[in-house]
Amino acid sequence: MQIADNIKKIKAELPERVKLVAVSKTKPNEDIMQAYNAGHQIFGENKVQDLLKKYEELPKDIEWHFIGHLQSNKVKYIAPFVDLIHAVDSLKLLKTIDKEGAKNNRKINCLLQMHIAEEETKFGLSFEEIIEILNSETYKELKFARITGLMGMATNTKNEKQIHKEFSYLKSCFDKLKTDFFNEDSKFVILSSGMSGDFKIAVEEGSNMVRIGSLIFGARNY
Ligand SMILES: *Cc1c(COP(=O)(O)O)cnc(C)c1O
């Protein structure tokens with residue numbers, strides 16, 4: 001019951017415009033089913049192998065999001081069913097997603113991951129790199145990889161001012177891209193930011209999709 005209660009509590013705190021992705025990485029099917037039976041259908045995984053196994057074993061109306069760093073050679077496994085790929089960080093990956101989308105005759109929704117944190121280790125593109133991708137001929141020829149927004153992770157810090165600053169920067173980049181590249185595109189609408197520790201700040205700074213794991217399922221042991 002705990003998991004269902006956690007979900008209810010978080011949903012009650014989120015404004016209506018914000019979608020909740022329940023990050024179920026490392027968690028067993030029973031935990032996911034508790035959330036599912038409480039009416040939740042959007043889950044996020046960060047390992048291709050785990051996602052495939054859960055996709056096969058769990059109800060088919062679950063909306064699966066891939067939230068981790070994705071290697072090009074693994075796109076083919078998730079291309080037939082994935083609903084949203086959150087962390088696209090290169091044109092090469094986008095091209096591969098397009099190719100696999102074509103093979104499956106389905107458009108695959110993707111978010112470009114932006115590097116907004118101070119930490120060097122986090123993946124992601126700079127604003128300039130995103131502009132470069134969107135202006136490239138390669139990008140303009142893509143038909144099956146569809147960019148539906150941006151994703152970002154803030155610095156892991158207790159300094160709330162810093163977190164506000166990073167999420168606010170992400171939102172300003174989203175708005176600029178919307179105006180300059182996606183003005184006519186009704187699909188470019190998602191701003192994926194905020195995790196267990198910082199989702200309230202992210203929502204204040206314009207997030208409309210939060211990715212929450214430990215606050216729902218408890219701490220992970222890895
Ligand atoms: C694990 C993970 C989350 C969820 O983290 P919590 O702190 O447990 O909420 C969100 N986004 C990404 C990309 C993750 O890898």
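Indexing begins at 1, ligand by ligand and atom by atom, following the structure's order. Since the model is a prediction, treat every value here as computed from it, not as a measurement.
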- Got a donor-acceptor contact below 3.5 angstrom from the Gln162 side chain to the Thr155 backbone?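 Looks like no, no N/O pair under 3.5 Å.
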
- Query: Any donor and acceptor pair, going by atom type alone, linking the side chain of Ser90 with main-chain N or O of Leu93 inside 3.5 Å?
  - Reply: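 The answer is yes, because a donor-acceptor pair under 3.5 Å joins these two groups.
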
- Message: Checking the N or O distance criterion of under 3.5 Å, is ligand 1 in contact with Gly213?
- Response: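 Yes; at least one N/O pair falls below 3.5 Å.
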
- Message: I want to know if ligand 1 touches Arg220 in the polar sense, i.e. an N/O pair below 3.5 angstrom.
- Response: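 For ligand 1, there is an N or O atom that lies under 3.5 Å from one belonging to Arg220.
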
- Task: Would you please classify the geometry between the Phe81 ring and the Tyr55 ring as parallel, tilted or perpendicular, with 30° and 60° separating the classes?
- Result: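 Rings of Tyr55 and Phe81: parallel, as their planes differ by under 30°.
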
- Message: Which label fits Phe43 and Phe217: parallel for a plane angle under 30°, tilted from 30 to 60°, or perpendicular past 60°?
- Response: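 Phe43 vs Phe217 ring planes: tilted.
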
- Ligand-side contact atoms (ligand 1) for residue partner Ile212, heavy atom cut-off under 4.0 Å: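 What qualifies from ligand 1 is 9 (O).
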
- Should you measure from each heavy atom of Ser196, which atoms of ligand 1 turn up under 4.0 Å away?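 Counting from 1, the qualifying ligand atoms are 6 (P), 7 (O), 8 (O), 9 (O).
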
- Between Lys25, Arg211, Met195, which one has a non-hydrogen atom sitting closest to atom 14 (C) of ligand 1?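 Checking each option, the heavy atom nearest atom 14 (C) of ligand 1 is found in Lys25.
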
- Proximity winner for atom 13 (C) of ligand 1, if only heavy atoms of Ile67, Val21, Val23, Asn46 are counted: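 Minimum heavy-atom distance to atom 13 (C) of ligand 1 goes to Ile67.
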
- Atom pair CD (Glu204) and NZ (Lys171), whose distance is rounded to the nearest 0.5 Å: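 The distance works out to 14.0 Å.
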
- Query: Does ligand 1 have any atom sitting under 4.0 Å from a heavy atom of Leu215?
  - Reply: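 Flag not set, Leu215 not near ligand 1.
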
- Considering all heavy atoms of both residues, which atom of Glu118 and which atom of Glu166 are nearest to each other, and what is their separation?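 That closest heavy-atom pairing would be N-OE2, 3.8 Å.
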
